[in-house]
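For reference, the structure discussed in these notes is given below.
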Amino acid sequence: MEDKKDIRWEKRTRYCGTLRMDDVGKEVVLNGWVQTRRDHGGVIFLDLRDITGLVQVVCNPEVSPTAHAAARQVRSEYVLSCRGMVRARPADSVNPRLATGEVEVVAETVTVINSSLTPPFEIEPGSGVDETLRLRYRYLDLRRPDMQEALVLRSRVTQEVRDFLISRKFLEIETPMLTKSTPEGARDFVVPSRLQPGKFYALPQSPQLFKQLLMVAGFDRYFQIARCFRDEDLRADRQPEFTQIDLEMSFVEPEDVMSLVDEMFAHLFRSVLGVELATPFPRLTWKEAMERYGTDRPDPRWGMEIRDFSALFRETGFKVFRSALEAGGRVRGFKVAGMRSPARRELDGLVDEARRLGAGGLVWVVREGEGLKSPAAKFFSARETEQVVATAGLEEGEVLLLTAGGGELNPVLAGLRSYCAARYAPPSGERFSFTWVTEFPLFDWDEEEKRYKSNHHPFTAPSPGCLENLEEDPLGATSDSYDLVLNGVELGGGSIRIHDPGLQKRIFSILGLSDEEAAEKFGFLLEAFRYGPPPHGGIAFGLDRLVMIMAGRDSIREVIAFPKTQSGSDPLTGAPDIIYPQQLRELRLRPI
RNA sequence: GGAGCCGUGGUGUAGUCAGGUUAACACGCCGGCCUGUCAAGCCGGAGAUCGCGGGUUCAAAUCCCGUCGGUUCCGCCA
């Protein structure tokens, strides 16, 4: 039988990518895949690849005719076992671009363990291949060094997180994947119950309620690298299933959680990337973040802080500003970093961008000598001109952008900051910029449903100072919450939870949840809270986003082994797919 | 639900705006030559009904309509 050749192969003694000058003179056995074959008629060079990298195997007919003959049959991605002697390369054929480039292995035997079809795309660095094709043959895509690096990095991240948290007395505890659908938040993925026809489990959006129950149970500190599911539309940084670093602690205040997290990330970046992070990470309240950056996930690296110019235009002759101020609005703006004496076309680009972001208009101001160049300059008094220059610290040729209006301009200003950062701001020396944003509003007003909704989730504790006026001014209340932002990406967030049943009841009532509804939806948690819940709080981080940023990728699909496309399908397995009528019948389900 | 972009040999692209002979290039693949390459080289070869369907036209990769898939963003989502 032809198959019999497959049961004879030598196990490796070394990994390909690890061979160095120290190994010269050793006999080694390598197992791996053929990256390339260079056939010179006489000598044949094989680049053999495994998880550690590449090494060159030389097949010389004068050294081993059988190895050479075998190498002639070999093609890309064949799986080989090669025995041979490690030898220093001749000085003129050292390859400095290869970690193993000073040595090579002189083949004595070359055994083909498995052949391979010609792969549908070339297994090499870079990803210029159609992503659907990459996903369809993900096991080949994952052979590429950049994908292997990303997943190795991911594994190191989870390991270091585990090591750190366990060293801080956290316990890793699993929570159910088949659980109860909860209202509020995202759409649930749902699993039909066979044993109870017509009833459904939901896959967890997060382990939120379970980790709180673990605190009631007295485990004190919990963590989990937890898979979460949300049936919402996908983005470059959003998959229907994703992974959270989830943790919860008892008897803590926000400060305890944040300082632990500071240390966790400092440890992580030091051990995995060799990067020292300055801790504690800077903190902003939500209000400050909105005021200075126009967004709750600021990237302070670009500078360009938003400032208020209202006072200076109180009496202005410029009608746009005057009327906005009289209507209770403000004049705010920022100086564009890295932009000097721009062409008119670039300024027009800024105005277009502002309109695209929803602004009525945008006033740009360029310092020219003692005066200003601006469409609005002729309406400014000498004093206003002077004060604009002074307040903004405008140097010759620098550009100030001004908008007039209310809070609706925050997204415009934030969008303009990103736009300017991408085009004009000099690259920041800071690779990783962490910022805490704290004291989020406790509630938002949902215009469609005409009711208050929790900004975070209904178990978030109000800030201690807001307890009195909760019912009178729900929108004025802030919470004991904190988000961690990395390079303008929301990495994660958490809060101190409510542990007082009375307060929880008040929150539900503001949310328009009756006792009956609350009991029906969260009854098990409320009941648990009648048995002595400790004060507790926690936080959860998007592992995929974290690894994406650490790996310098643009999409979390690049750091997930088997991700889904934007329509939620997996080109490799063909999921999702129809199921057979028999399965439907068993579940008592019928398509509508 | 909405908007933009992409779809051409196995892969990546050009050609599309301005319709017109045999759809071009690189890589890969196959064969031959070649004993120091590592983006090996040289010679030769195979390989594409231009995502799919319909329409306009003497003529469609190219124009129009629809549709499918991918992707980015808005809505949605913490």
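Convention: sequence-line order gives letters A, B, ...; per-chain numbering from 1.
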Task: Exercise: do A/Ser495 and A/Ser481 side chains pair donor with acceptor under 3.5 Å - done: no
Can you find a donor-acceptor pair, distance only, under 3.5 Å between [X] side chain and [N] base?
| X | N | answer |
| --- | --- | --- |
| A/Arg235 | B/rG75 | yes |
| A/Arg89 | B/rU37 | yes |
| A/Arg230 | B/rC76 | no |
| A/Arg87 | B/rG36 | yes |

TODO: Report, as a single string ordered 5' to 3', how protein heavy atoms within less than 4.0 Å touch nucleotides 2-14 of chain B: B base, S sugar-phosphate only, - not at all.
DONE: --------BSS--
- [ ] For nucleotides 40-49 of chain B, just jot down a letter per nucleotide in 5' to 3' order: B, S or -, based on protein non-hydrogen atoms under 4.0 Å.
- [x] B---------
Open item on the list: Here's a test for you: under side-chain hydrogen bond (donor to acceptor under 3.5 Å, both in side chains), which of A/Arg143, A/Gln56, A/Arg49 qualifies with A/Gln35?
Closed with: A/Arg49
OP1 or OP2 of [N] sitting under 4.0 Å from any side-chain N/O of [X]?
| X | N | answer |
| --- | --- | --- |
| A/Ser93 | B/rC38 | no |
| A/Gln205 | B/rA78 | yes |
| A/Thr565 | B/rG70 | yes |
| A/Ser76 | B/rC29 | yes |
| A/Arg238 | B/rA78 | no |

Task: Residues in side chain to side chain contact (heavy atoms under 4.5 Å, CB included) contact with A/Ala71, at least two apart in sequence or another chain - done: A/Ile44, A/Leu46, A/Cys59
Task: B/rC5: pairing nucleotide in any strand, Watson-Crick or G-U under 3.5 angstrom - done: B/rG70
Task: Pair assignment for B/rU21, Watson-Crick or G-U wobble, requiring both distances under 3.5 Å - done: none
- [ ] Pick the P atom in B/rC17 and in B/rU62, then give their distance to the nearest Å.
- [x] 9 Å
Open item on the list: Could you go through A/Thr36 and A/Asp47, starting from their C-alpha distance and side-chain angles, then the distance that decides it, and tell me whether this counts as side-chain hydrogen bond (donor to acceptor under 3.5 Å, both in side chains)?
Closed with: CA-CA 5 Å; A/Thr36 47; A/Asp47 287 344; 3.0 Å; yes
